[in-house]
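If you read the sequence from its start, that first residue is 1, and numbering goes on from there. Both backbone and side-chain heavy atoms feed into the values below; hydrogens, waters and symmetry mates do not.
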Amino acid sequence: MRLAGKVAFITGASRGIGRSIALEFARQGAAIAVGYAREAGKADEVVAEIAAQGGKAVAVASDVRDRAAIRLAFETAAAKLGGIDILVNNAGINNRCTFQETTDEDWDRIMTVNLKGPFVCSQEVFSHMIKRGGGRIINISSVAGQYHGPKTVHYAVSKAGLNSLTAVVARYGAEHNILVNAVAPGIMLTDQTADELAGPDGDKIVAMTLLKRAGHLSDVAATCVWLAADEQSYVTGQVISVAGGAVL
Ligand code: NAP
């Protein structure tokens, strides 16, 4: 119960990595706001799973492209769960295309969700965390932010930007006891990567890791628990790679 008494808001927690973090945070005693954009039914399933394991959770509509929706989502979560101590900026999207294929629309869509979203959510959550005497923000980045592509040009730039945003927000959070870090997963088996791993590049992607396998969602969730828990209080502004040594 390393997160007992804490309230965590996780964006994009209806499936994949966000869902896994939500379930693990709940196992560690946190009350969870399960954020989603379109998949209300799937978010409700995560809430039910948490309730079934004895935890407390609510599903909260929170499209990170919409500042007013985010403000309302945080107010709703704080009212229902008693405040917000931890924000996980997990919501993220990708599409594979080369540099020349990337359109303006692709670029704007990815940047809006992956980079502007965490900026807006971090700004809007500050007042909630200040009321609680501090907090933790964890940005879910990617190995792509350090590896730079090749078929995810806009995505790689958005995650490199997120790594920079992590340090900038850590600078502003420090005086409020808000610690801000990023976790950068390598290849994990989720809806976003299932096609890629099953396709012709799948073996090559796995071969690029030192550990020669895709990661487990639990590896990311465990790292997030460590960053969120009171047991550590001196790590801020960092990007923690959970990528099986892929960049090496
Ligand atoms: P996923 O399975 O595709 O799930 C994406 C989640 O983001 C869903 O819950 C979705 O909600 C939500 N989302 C999408 N657009 C949104 C928006 N505009 N506002 C709010 N939520 C939105 O993705 P994943 O693979 O778990 O990835 C989660 C994070 O990890 C992303 O930031 C991704 O870049 C990063 N990552 C993933 C991998 C990997 O191997 N999977 C590796 C490195 C980094 P709805 O279902 O409601 O639409």
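Checking N139 against T166 by side-chain atom types alone, a donor-acceptor pair falls below 3.5 Å. A donor-acceptor pair shorter than 3.5 Å can be found between the side chains of Q28 and E24.
Under 4.0 Å is where a charged nitrogen must lie from a carboxylate oxygen, and between R96 and D201 at least one such pair does.
Residues forming a ring pair (Phe, Tyr, Trp, His ring centres under 6.0 Å) with F25 (at least two apart in sequence, or on another chain): none. In this structure, the side chain to side chain contact (heavy atoms under 4.5 Å, CB included) partners of A57, at least two apart in sequence or on a different chain, are I32, V34, V47, I50. Every residue two or more places apart in sequence or in another chain that forms a side chain to side chain contact (heavy atoms under 4.5 Å, CB included) with V143 is listed here: A243, A246, V247. Listed by chain and residue number, nothing satisfies the ring pair (Phe, Tyr, Trp, His ring centres under 6.0 Å) test with F119 (two or more places apart in sequence, or in another chain). For R109, the side chain to side chain contact (heavy atoms under 4.5 Å, CB included) test picks out I93, N95, D106, with sequence neighbours left out. For the side chain to side chain contact (heavy atoms under 4.5 Å, CB included) test, residues two or more places apart in sequence or in another chain that qualify with F74 are F9, I70, I84, L87, C121, E124, V125, H128.
By the criterion of side-chain heavy atoms lying less than 4.5 angstrom apart, applied directly or through intervening Ile, Leu, Val, Met, Phe, Trp or Tyr residues, L227 is grouped together with L23 in one hydrophobic cluster. One hydrophobic cluster holds both I110 and V120 under the rule that ILVMFWY side chains link at heavy-atom gaps under 4.5 Å. Transitive grouping of hydrophobic side chains (ILVMFWY, heavy atoms separated by less than 4.5 Å) keeps V225 and V7 in distinct clusters. The cluster map of Ile, Leu, Val, Met, Phe, Trp and Tyr, joined by side-chain heavy atoms under 4.5 Å apart, puts I138 and V46 in the same cluster. Grouping the Ile, Leu, Val, Met, Phe, Trp and Tyr side chains by contacts below 4.5 angstrom, directly or via other members, places I10 with I86.
The backbone N or O of E231 lies less than 3.5 Å from no partner atom in the side chain of R2, so there is not a single donor-acceptor pair. When atom types are taken as modelled, the side chain of T209 and the backbone of I205 share no donor-acceptor pair closer than 3.5 angstrom. At least one donor-acceptor pair under 3.5 Å links the side chain of N181 to the backbone N or O of V235. Side chain of T102 to backbone of T98: a donor-acceptor contact under 3.5 angstrom is found. Put simply, the side chain of S233 never gets that close to the backbone of D230: no donor and acceptor are under 3.5 Å apart. Remark: side-chain polar atoms of H148 are paired, donor with acceptor, to backbone N or O of Q146 under 3.5 angstrom. Side chain of K116 to backbone of V113: no donor-acceptor contact under 3.5 angstrom is found. With hydrogens and angles ignored, the 3.5 Å screen pairs a side-chain donor or acceptor of N177 with a backbone N or O of G133. Side chain of T193 to backbone of E196: no donor-acceptor contact under 3.5 angstrom is found. The backbone N or O of V180 sits less than 3.5 Å from a side-chain atom of T236, completing a donor-acceptor pair.
Between the CZ atom of R71 and the CG atom of D66 there is a distance of 10.0 Å, given to the nearest 0.5 Å. To the nearest 0.5 angstrom, S14 atom OG is 8.0 Å from R38 atom CZ. Taken from CG in N163 to CG in L115, the straight-line distance is 10.0 Å, to the nearest 0.5 Å. Summarising the geometry, atom CD belonging to Q232 is positioned 5.0 Å from atom CZ belonging to R136; distances are rounded to the nearest 0.5 Å. We find the CE-CG distance between M188 and L197 to be 10.5 Å, quoted to the nearest 0.5 Å. Atom OG of S142 and atom CG of N94 lie 8.0 Å apart (nearest 0.5 Å).
Taking 4.5 Å as the limit, some side-chain heavy atom of C97 sits within range of a side-chain heavy atom of H154. Looking at heavy atoms from C-beta onward, E101 lies out of side-chain contact with K151 at the 4.5 angstrom threshold. For the pair M129/H176, no side-chain contact is recorded, criterion being any heavy-atom separation below 4.5 Å from C-beta on. Counting heavy atoms from C-beta on, the side chains of L162 and L165 come closer than 4.5 Å. Side-chain contact between V157 and W107: present, with at least one pair of heavy atoms (C-beta onward) separated by less than 4.5 Å.
Heavy atoms from other residues, nucleotides or ligands lying under 6.0 Å from OH of Y147 number 12 at most. At most 12 heavy atoms of other shown residues, nucleotides or ligands fall within 6.0 angstrom of atom NZ in K204.
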Audit row: R19, E49, side chain to side chain contact (heavy atoms under 4.5 Å, CB included) steps and yes/no: CA-CA 10 Å; R19 171 181 171 276; E49 277 181 82; 2.8 Å; yes

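Scanning all heavy atoms of the two residues, the minimum distance from A31 to L81 falls at CB-CD2, 4.2 Å. Summarising the geometry of V60 relative to A33, their closest heavy-atom pair is CG2-CB, 4.1 Å, with the distance given to 0.1 Å. The shortest heavy-atom contact between A73 and A61 is CB-O, 3.5 Å.
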